[in-house]
Asker: 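Encoded as structure tokens, here's the structure I'll be asking about.
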Amino acid sequence: MQTRRETLKQSAVVAGLLAGTGLMPQQAAAYETAAFAAKTAADVAKAMGAAAPMESKDVTIGGPDIAENGAVVPLTASSSLPNVKRVLVLVEKNPAALAAFFNVTADVEANFAVRVKMGQSSDVYAVAITNDNKAFYAKKEVKVTLGGCGG
Amino acid sequence: MSDPMRIRAQAAGNKTTVRVLMSHEMESGQRKDSSGKLVPAHFISEVKAEHNGKVVMTAEWGPAVSKNPFMQFVVKGAAKGDKIKVSWKDNKGDSRTDEATVS
Amino acid sequence: MKKLILGATALAASLAMTGAFAQKSAADGIAEYRALLADGNPAELYEAKGEDLWKKKRGPKNASLEQCDLGQGPGVVKGAFVSLPRYFADTKRVQDLESRLVTCMETLQGLNGAEIAKTPFGKGEMANVTALATWIAAESRGMKFNLSQSYAEEQVMYEVGKRLFFMRGGSHDFSCASCHGEDGKRIRLQDLPNLTKNPGNGIGFAAWPAYRVSNGQMWSMQLRLNDCYRQQRFPYPLFGSDATIALGTYMGVNAKGAESIAPAIKR
Amino acid sequence: MKKQSKLLIASTLAASAALLVGCSTLPSSAELDKMTAEVAKASFRDQGIAKTDRLVQDAANRECMVADVSGKPLDEKLAKQIEAANLATIKWPAGGYYIGDWKEGEKIAQNGRGMTWSDKAGSANGGNCYNCHQIDKKEISYGTLGPSLYNYGKIRGVKNLYAPESAAVIQYTWGKIYNSRAYNACSQMPRAGHMGVLKEDQMKHIMALLLDPDSPVNK
């Protein structure tokens with residue numbers, strides 16, 4: 001089980017990712033140009049200080065444990081929370097952490113699949129943002145292997 | 001002009017699972033060509049889905065979405081024969097809209 | 001969290017145990033990855049394009065390819081893929097799917113076959129040949145390979161193909177058999193089919209054309225062979241050359257009875 | 001070019017009178033060998049650094065190909081001749097210094113690049129080792145075409161690289177990397193030294209990876 005300290009640390013990482021993407025609920029805007037601009041985890045950490053997203057069992061991230069090729073990594077992000085307005089998919093170690101997000105309406109489930117590029121093994125996150133501007137996340141590690149003949 | 005999408009929309013009970021394949025380079029902007037120059041980013045940035053003309057989902061993507069993107073989502077209450085329309089727009093202003101019938 | 005901890009325990013255990021155990025879990029992980037990709041194969045995009053190209057009037061003669069004879073009679077697409085390469089009386093040659101398509105594009109549509117053969121993969125009319133081959137392969141999905149060996153030319157192509165398969169050369173002394181001559185071998189983590197016999201349903205010859213996720217390209221059998229030769233450190237095989245068709249005949253005849261899953265999705 | 005090989009097949013068939021009846025009288029094996037060589041010649045072109053001269057086979061590749069096609073092992077006398085000829089090609093390192101840096105060796109073993117038509121002339125080649133062999137246990141992405149080399153030196157009792165009893169296995173390993181066919185006429189392993197794939201210092205680094213008691217391979 002995770003210690004409280006680790007939980008806090010993880011929350012801080014996600015808060016950093018979110019702050020860097022400009023996607024913290026209070027910053028949400030019509031078009032999220034800044035959201036896709038964060039270059040590194042360090043960059044996004046600079047913007048820490050916003051309300052920390054919480055790890056939640058009501059958010060699920062799905063994907064392979066090992067990806068044979070980082071060019072295509074199939075991920076699913078979903079949440080069983082009742083009031084989700086947005087679902088995000090993040091790759092911590094990518095040049096820009098945010099890969100994609102989906103705006104949820106009453107007519108679709110908060111359940112999406114998308115395929116992303118990963119430059120290296122990394123944690124991947126699903127983040128659900130609720131109508132009352134809280135953020136919840138789940139994460140898992142995806143290992144990217146070197147495939148083929150290496151040439 | 002862009003190649004058409006492949007949209008499959010399948011109803012099961014009161015839920016319709018929509019699977020979409022899009023034809024797009026999704027150039028990351030990180031890759032260098034053979035002469036060592038950075039290839040500019042070129043990617044689908046906005047996606048929209050409509051059910052019988054009503055917008056049910058919008059999305060924004062970055063260049064980390066894989067080439068020839070695949071996405072899946074679930075529409076509540078769509079029934080056989082309904083129309084699902086998907087549109088995308090990329091960062092260079094190209095766009096594409098295709099429609100499928102729920103089966 | 002529980003899953004992560006379990007994962008870590010399993011990893012530690014596998015490090016303490018034999019390498020075979022660690023390998024197995026890696027192989028399971030890869031199998032899981034491939035299963036996740038199978039639903040939503042971008043090859044479908046090329047299938048749709050290929051079908052459209054088959055039916056569309058194009059070229060100087062403004063004709064479709066609907067009268068193209070792929071060996072089952074003019075216009076018959078279903079079953080053609082699992083019977084190629086085969087001998088064609090009109091060209092007096094054994095041809096594979098792609099070289100046959102170029103023949104049809106030349107004779108029916110008036111396009112320049114020699115120019116198409118020289119076009120790089122993924123460009124211009126060559127990209128169209130690949131899309132056509134993808135659709136035509138898809139039309140035989142689930143059917144079993146059954147190549148003809150009734151013409152002497154077909155038998156000769158098989159024998160030449162067999163010899164080419166074992167031809168060692170280049171800077172690394174590789175032949176096709178270096179990687180594809182034995183059962184149960186791997187290069188890095190990739191399983192290598194034994195192509196000297198039927199390697200099983202949907203494996204090897206019965207899987208290409210395939211969408212390659214590593215570069216996001218649709219790969220025809222001609223391109224698959226081309227890249228094998230590149231990695232073999234051989235010189236460049238000409239598109240539709242007798243060497244490539246002979247190898248196709250050798251692998252196709254060996255695959256008799258194997259069920260086609262083409263177009264597949266590959267690393 | 002293509003026309004040529006097509007005509008060749010047609011004329012050979014006509015000569016064996018098999019064309020019209022479509023019966024199963026195939027050309028002889030020797031004729032098929034000749035046709036194969038002609039087909040190969042007509043089917044490839046130069047691209048980048050990969051020129052058509054790479055199709056020219058030396059005795060070892062020619063004889064092993066014949067053996068592979070027939071499915072019968074090479075005649076023992078011929079095998080010995082090939083091994084002797086290849087053994088004679090081995091260049092032993094000056095001064096008897098066989099061992100480099102295992103960390104560099106690991107990088108070379110990981111690298112599968114070099115000498116394809118998409119590689120540039122003069123670029124350093126990789127050793128391709130992990131494509132076929134298990135080596136350092138940390139690397140789970142390894143091939144199984146060759147035997148596992150994990151614990152290579154340890155299993156062979158190399159406790160001290162400079163001990164006289166280590167000399168034989170060190171020399172053999174050098175020879176095997178330099179020219180594998182010196183010890184097995186039809187080995188599938190590339191002849192890294194003989195064919196100029198790896199330079200002498202690169203081979204020394206791989207030697208260290210396999211034999212140095214400090215290398216993770218021998219832990």
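Order of the sequence lines sets the chain letters (A, B, ...), proteins ahead of strands, with each chain counted from 1.
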Asker: Relative to chain B, which segment of A:Ala106 carries a heavy atom at a distance below 4.5 Å: side chain, backbone, both, or neither?
Answerer: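 Contact with chain B involves the backbone of A:Ala106 alone.
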Asker: Counting only heavy atoms not in B:Lys80 (residues, nucleotides, ligands), do more than 12 fall under 6.0 Å from its NZ?
Answerer: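 No, the 6.0 Å shell around NZ holds no more than 12 heavy atoms from other groups.
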Asker: Have a look at A:Thr105 and tell me which of B:Val75, B:Val56, B:Thr58 forms a side-chain contact (heavy atoms from CB on, under 4.5 Å) with it.
Answerer: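 Looking at B:Val75, B:Val56, B:Thr58, the match for A:Thr105 under the side-chain contact (heavy atoms from CB on, under 4.5 Å) is B:Val56.
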Asker: What heavy-atom pair brings B:Met57 and A:Val108 nearest, and what distance separates the two atoms?
Answerer: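 What the structure gives for the nearest pair is CB-CG1, 4.1 Å.
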Asker: For A:Val73, is it the side chain, the backbone, both, or neither that has a heavy atom closer than 4.5 Å to a heavy atom of chain B?
Answerer: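 Contact with chain B: backbone only.
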Asker: Side chain, backbone, both or neither: which part of B:Ser28 has a heavy atom under 4.5 Å from chain A?
Answerer: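 Its backbone and side chain both get close to chain A.
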Asker: As a quick check of understanding, evaluate side-chain contact (heavy atoms from CB on, under 4.5 Å) for B:Val65 and A:Val114, giving each step before the final call.
Answerer: CA-CA 7 Å; B:Val65 171; A:Val114 67; 4.2 Å; yes
Asker: Can you tell me which portion of A:Ala99 sits under 4.5 Å from chain B's heavy atoms? Options are side chain, backbone, both or neither.
Answerer: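 Both backbone and side chain of A:Ala99 come within 4.5 Å of chain B.
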Asker: Quick check for you: among B:Ala59, B:Ser66, B:Ala78, which has the greatest number of heavy-atom pairs under 4.5 Å with chain A?
Answerer: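 With the most close heavy-atom pairs to chain A, the winner is B:Ser66.
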Asker: Please determine, among B:Pro63, B:Ala49, B:Pro69, B:Gly62, the option with the most heavy-atom pairs under 4.5 Å with chain A.
Answerer: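 Heavy-atom pair counts peak at B:Gly62.
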Asker: Could you tell me whether the side chain of A:Asp107 reaches within less than 4.5 Å of the side chain of B:His51, counting heavy atoms only?
Answerer: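 No. Closest side-chain heavy atoms not under 4.5 Å.
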Asker: Looking at B:Trp61 and A:Ala100, what are the two nearest heavy atoms and their distance?
Answerer: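 B:Trp61 and A:Ala100 have their closest heavy atoms at CD1-CB, 3.4 Å.
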Asker: In Å and rounded to the nearest 0.5 Å, what is the NZ to CZ distance from B:Lys67 to A:Arg115?
Answerer: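 B:Lys67 atom NZ to A:Arg115 atom CZ measures 14.5 Å (nearest 0.5 Å).
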